[in-house]
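As the structure lists them, so they are numbered: ligands from 1, and atoms in each ligand from 1.
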Amino acid sequence: MIESRMLIGGELVAAKSGEWIDSLNPATEEKIGRFPSAAKEDVDAAYVAAEAAQVKWAALSSGDRAHMLRNVAAGLRQRADEVLRVEVMDTGNTISKMKADVEHAAHAIEYFAGLATEIKGETVPASSDNLHITIREPYGVVGRIVPFNHPIKFAAHALAAPLMAGNSVIVKPPEQSSLSAGILAEICKQELPPGVVNIVTGYGRSAGDAIVRHSGIKRIAFTGSVPTGLAIQRSAAEIGVKCITLELGGKNPLIAYPDQDPEKIAEVAVQAMNFSWQGQSCGSASRLMLHESIYDAVMEKLLKRVASIKMGDPLDAGSQMGPLNSKAHYDRVCSMVQAGLDDGAKLLIGGKRPEGDAFKKGYWLQPTVFGNVTSEMRIAREEIFGPILSVFKWSDEAEAFRIANSTEYGLTASIWTNDIKTAMRAARTIKSGYIWINNNSAHYYGMPFGGFKNSGLGREEGSDELLSYTENKSIHIKL
Ligand code: NAP
């Protein structure tokens, strides 16, 4: 049984109210631990500590800040096995996939530590009798709220850019999977000055909302769903003028042209759908758009591949797919199977709880594929964030682009063709922020990640993110 603590002002603490939230293993529904349920009073304490620590932190050289951040990354690597085990039991993601998340968490911190000297201003020839310079200053205390699907990766990433830019941070991990944040809290306590990082666990409607509504926190970065992103914008606007960046959901198209090998497309479609994360990834290509000339051949191979996905104990290295993350999420995803049937889509495989004693408890849903999908159906428009793939057939490219752009989302897209002109025409026409040509799923630090339309605001994973935690100040020196 794991009992994690929050980090406030350099101390590992429980909530002031003494309330806790249970963590369940989604594969078995058994309790595996608990973590503090923070409320406004805890967030207020975190803010006081963060504000007090920030000035000294910002006064350090960027090299010193980078050095301490690298120590946090090293601490994560040292405890990688422990983090991995906790994370697998808390999220239901399989151990073979989750391994990479712990490494990504450390890598994200090191990437931003490496940008230490990139927080640059400019000299501007705005007049001849002044020296005009801009400098970049930190906001002060930054609030970051992260989702459940990659908990340690997002919590660790959340610290890096704001700290490097000289801010202190309050992080709110997701209620469904907060235990790994307890380990991150212990590492930050060891490696960073008190108050520079504060980790406050609890429900979004209490702890998260208290961060958003705190009058001292002007800069907020949120990763999560569109409805929560909209709610955060509304709540923040009731308090003051705040700078909010949003990394939200996706309903991402994978478009395969007639020149593609059906076997290859079947393979990449299964990968890109992220069945191995139960579809719980913002970049999942949940809309597969096949040219009619390859449709039948791809579908025959794709359904065989989907049928062979091995579901099982997430801690078993041979398992290729685990359960959904929580009961509420499972119920919602299952309701989308019904929505597909109600809308007249053809259920080609899956859609049920897998058979066998191992799956009697837990939030298990088979990998599911719907054919005959059209763009008006709910399964074509709404982000399901579960293992449900919707397949479209297209014949005319203009029609394919219309379908691809027909949702409120615009996060990623994956285009498969051997013709560079066709590929670039598609890349320019599709309204998404992150486009792969003949690839899928990969993220490359240094390349800005973020969404068009309702998929978000702002860009992460590159120098844009670092600079987004600074405000520009103009200084005019009369010569
Ligand atoms: P969510 O329900 O929107 O929750 C995200 C976070 O917001 C959680 O920590 C949640 O706390 C908190 N929260 C909820 N209500 C809040 C409120 N009123 N004020 C402040 N905070 C609040 O999203 P999720 O289900 O965890 O994650 C799945 C979503 O994240 C999907 O839509 C996915 O596409 C998106 N996502 C996007 C990216 C990206 O980079 N674009 C990456 C990963 C995931 P509780 O958990 O306690 O409710």
Quiz prompt | Proximity of T223 to ligand 1 by residue part, where a heavy atom lies under 4.0 Å | solution = both
Quiz item: Can you tell if the side chain of D316 reaches within under 4.5 Å of the side chain of K310, non-hydrogen atoms only?
Solution: yes
Self-check item: Proximal ligand 1 atoms for F385, defined as those under 4.0 Å from one of its heavy atoms
Solution: 28 (C), 31 (C), 33 (C), 34 (O)
Self-check item: I265 and its side-chain contact (heavy atoms from CB on, under 4.5 Å) partner, picked from V298, L302, V270
Solution: V298
Practice problem: Please determine if R205 has a nitrogen or oxygen closer than 3.5 Å to a nitrogen or oxygen of ligand 1. | Solution: no
Quiz item: atom 35 (C) of ligand 1: which protein heavy atom is closest, and how many Å away?
Solution: G224 O, 3.1 Å
Quiz item: What is the closest protein heavy atom to atom 39 (C) of ligand 1, and at what distance does it sit?
Solution: C282 SG, 3.4 Å
Quiz prompt | F148 N/O to ligand 1 N/O under 3.5 Å | solution = yes
Self-check item: Any N or O of P147 closer than 3.5 Å to N or O of ligand 1
Solution: no
Quiz item: Looking at ligand 1, does P173 have a heavy atom less than 4.0 Å from it?
Solution: yes
Practice problem: Considering only non-hydrogen protein atoms, determine which one is nearest to atom 7 (O) of ligand 1 and report residue, atom name and distance to 0.1 Å. | Solution: F222 CE1, 3.1 Å
Quiz item: Quick one: nearest non-hydrogen protein atom to atom 11 (O) of ligand 1, plus distance?
Solution: K172 NZ, 2.8 Å
Quiz prompt | Residue portion contacting ligand 1 (non-hydrogen atoms closer than 4.0 Å) for I232 | solution = side chain
Quiz item: With a 4.0 Å cut-off on heavy atoms, is G229 touching ligand 1?
Solution: no
Quiz item: Counting N and O atoms only, with roles assigned by atom type, does the side chain of D343 sit under 3.5 Å from a partner on the main chain of I379, one being a donor and the other an acceptor?
Solution: no
Quiz item: If you measure from atom 23 (O) of ligand 1 to every heavy atom of G450, A328, S225, which option wins on shortest distance?
Solution: S225
Quiz prompt | Note, P173 side chain near P151 side chain (heavy atom, < 4.5 Å) | solution = no
Quiz item: For ligand 1, which part of E460 has a heavy atom less than 4.0 Å away: the side chain, the backbone, both, or neither?
Solution: neither
Self-check item: Closest approach of any protein heavy atom to atom 34 (O) of ligand 1, naming residue and atom
Solution: E383 OE2, 2.5 Å
Exercise. Taking the side chain as every heavy atom from C-beta outward, state whether F385 and Q278 have any pair of such atoms under 4.5 Å apart.
Key: no
Exercise. With the side chain counted from C-beta on, respond yes when L315 and M89 share a heavy-atom pair under 4.5 Å apart, and no when they do not.
Key: yes
Self-check item: Heavy-atom nearest option to atom 6 (C) of ligand 1, drawn from D209, V146, T228
Solution: V146
Quiz item: Among protein heavy atoms, which sits nearest to atom 19 (N) of ligand 1, and what does the distance come to when rounded to 0.1 Å?
Solution: G204 O, 3.5 Å
Quiz item: What protein heavy atom sits nearest atom 41 (N) of ligand 1, and how far away is it?
Solution: L248 O, 2.7 Å
